[in-house]
Every structure is written in C-alpha cells, then in structure tokens.
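Since the structure comes first, as structure tokens, the remarks are kept for the end.
For clarity, every value in this text was computed on a predicted model and none was experimentally measured. Worth knowing before you read on, the calculation uses all heavy atoms, side chains too, and leaves out hydrogens, waters and symmetry mates. Order of listing sets the numbers, starting from 1, for every ligand and every atom in it.
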Amino acid sequence: MKEPPMSKTLFEKIAAREIKADIVYEDELVLAFRDINPQAPTHVLIVPKKPIPRIDQAATTDQNLLGHLLLKAAEVAAKVGLQASGYRLVINNGRDGGESVPHLHCHILGGRQMTWPPG
Ligand code: 5GP
C-alpha cells in the first residue's frame, strides 16, 4: 500500500511561500527568517529546508547540512547587524528544551545582553 504524503511542516510552508515571513537569507539548503514572536530586538530563525524534526533525529548523512546551517547562521547574524555586538544561537530539542515547532531550527538572538543561565 502507498504511504499517504507527509504534510508539510510550518517551516516548509514558509519556504514554499504558503505562509508569509520576513525572509532574510535563502539558498538551496537553508532558509532564514524573522521570528514572529521575537524574544530579543533581533530574532531570526535559520532552518534546513530538509524537514529534520529536531537535532535528536539528525543522521550522520546530515553532517554537511548541519555544518552549512551553523556557518550560515554566523553569516546571517552578520547580515542582520549582530557581528560586532555578539549574539546567541539556540537549538531547542524536545519538551524540556522548549521545542514548539517540530522542524529543526536554530534561533539567532541579539540586540541585547543575553543572560546566563538561560530560562
Ligand atoms: P521553538 O520553540 O520550537 O524552539 O521555536 C519555534 C519558533 O518559531 C518560536 O520562536 C516561534 O515564535 C516561531 N514561530 C512559530 N510560528 C511562526 C510563524 O508562523 N512564523 C514565524 N516567522 N515564526 C514562527
């Protein structure tokens, strides 16, 4: 029997322009856009276009993609003006991590002093 087609994740719909977002960077592998509910003056999400649900479920075959994601996170942070002041990258995984969208994403947060420990 044929598997039913998987429904698109929220971030796949943003990549497909089915849901509007303020996109700040895109290439063939990743997409970066401003968070709808910013937790800092600058809050951008960078996601792989491949819908890996969370870092827990990434495979060794995703190694190049994950490296690309991190390198592009730094580029995007510079592009949105955070290079000089600094910024925080965050990946939430699962319930205790505070993950709410099951499509791997890295938060780029900046424009204010971050605190430690995180909440
Ligand atoms: P998580 O809590 O899973 O680490 O992060 C998910 C993030 O996605 C949250 O910061 C949330 O504000 C953001 N988000 C949820 N829905 C949308 C949306 O429709 N558009 C945008 N741009 N961001 C969203």
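- For atom 22 (N) of ligand 1, the nearest protein heavy atom (residue, atom name, distance) is Arg34 O, 2.9 Å.
- For ligand 1 and Phe33, the ligand atoms under 4.0 Å from any heavy atom of the residue are 22 (N).
- Residue contact check: Asn92 has heavy atoms under 4.0 Å from atoms 1 (P), 4 (O) of ligand 1.
- Within ligand 1, counting atoms from 1 as listed, the ones closer than 4.0 Å to a heavy atom of Gly98 are 1 (P), 2 (O).
- Within the 4.5 Å cutoff, the side chain of Leu104 has no heavy atoms near those of the Lys50 side chain.
- Of all the heavy atoms in His107 and Asn92, the pair that sits closest is NE2-ND2, 3.6 Å.
- Counted by atom type alone, Asn37 and His43 present zero donor-acceptor pairs between their side chains at under 3.5 Å.
- Distances shorter than 4.0 angstrom do not occur between any heavy atom of Val90 and any atom of ligand 1.
- Between Ala16 and Lys8, the closest heavy-atom pair is CB-NZ, 3.9 Å.
- Among the atoms of Glu99, none of the N or O lies under 3.5 angstrom from an N or O of ligand 1.
- Between His43 and ligand 1, not a single N/O pair is under 3.5 Å apart.
- We find the OG-CZ distance between Ser85 and Arg112 to be 12.0 Å, quoted to the nearest 0.5 Å.
- In this structure, Leu89 and Leu70 have side chains that are in contact, with non-hydrogen atoms separated by less than 4.5 Å.
- Ile14 pairs with exactly one of Ile19, Ile36, Val47, Leu45 by the side-chain contact (heavy atoms from CB on, under 4.5 Å) rule, that one being Ile19.
- When only interatomic distances are considered, the shortest N/O to N/O separation between Leu10 and ligand 1 does not fall below 3.5 Å.
- Counting heavy atoms only, Asp35 comes closest to atom 9 (C) of ligand 1 of the residues Ile14, Asp22, Asp35.
- An N or O contact shorter than 3.5 Å links Val101 to ligand 1 by distance.
- Protein heavy atom closest to atom 3 (O) of ligand 1, with residue, atom name and distance, is Ser100 N, 2.6 Å.
- Taking 4.0 Å as the cut-off, His107 counts as a neighbour of ligand 1 on heavy-atom distance.
- Residues Ile91 and His105 form no side-chain contact, since every pair of their non-hydrogen atoms from C-beta on lies 4.5 Å or further apart.
- In this structure, the protein non-hydrogen atom closest to atom 6 (C) of ligand 1 is His105 NE2, 3.4 Å.
- Nearest heavy atoms, Pro48 versus Leu69: N-CD1, 3.7 Å.
- By the 3.5 Å distance cut-off applied to N or O atoms, Phe11 is not counted among the residues near ligand 1.
- If you check which protein heavy atom lies closest to atom 24 (C) of ligand 1, you get Ile36 CG2, 3.4 Å.
- In terms of the ring-ring contact (aromatic ring centres under 6.0 Å, His included) criterion, residue partners of Phe33 (sequence neighbours excluded) are, by chain and number, Phe11.
- In this structure, Glu28 does not pair ionically with Lys49, as no charged nitrogen and carboxylate oxygen lie closer than 4.0 Å.
- Near Asn37, meaning under 4.0 Å from one of its heavy atoms, ligand 1 places the atoms 12 (O).
- Atoms of ligand 1 found under 4.0 Å from any heavy atom of Leu45, numbered from 1 in the order shown, are 7 (C), 8 (O), 13 (C).
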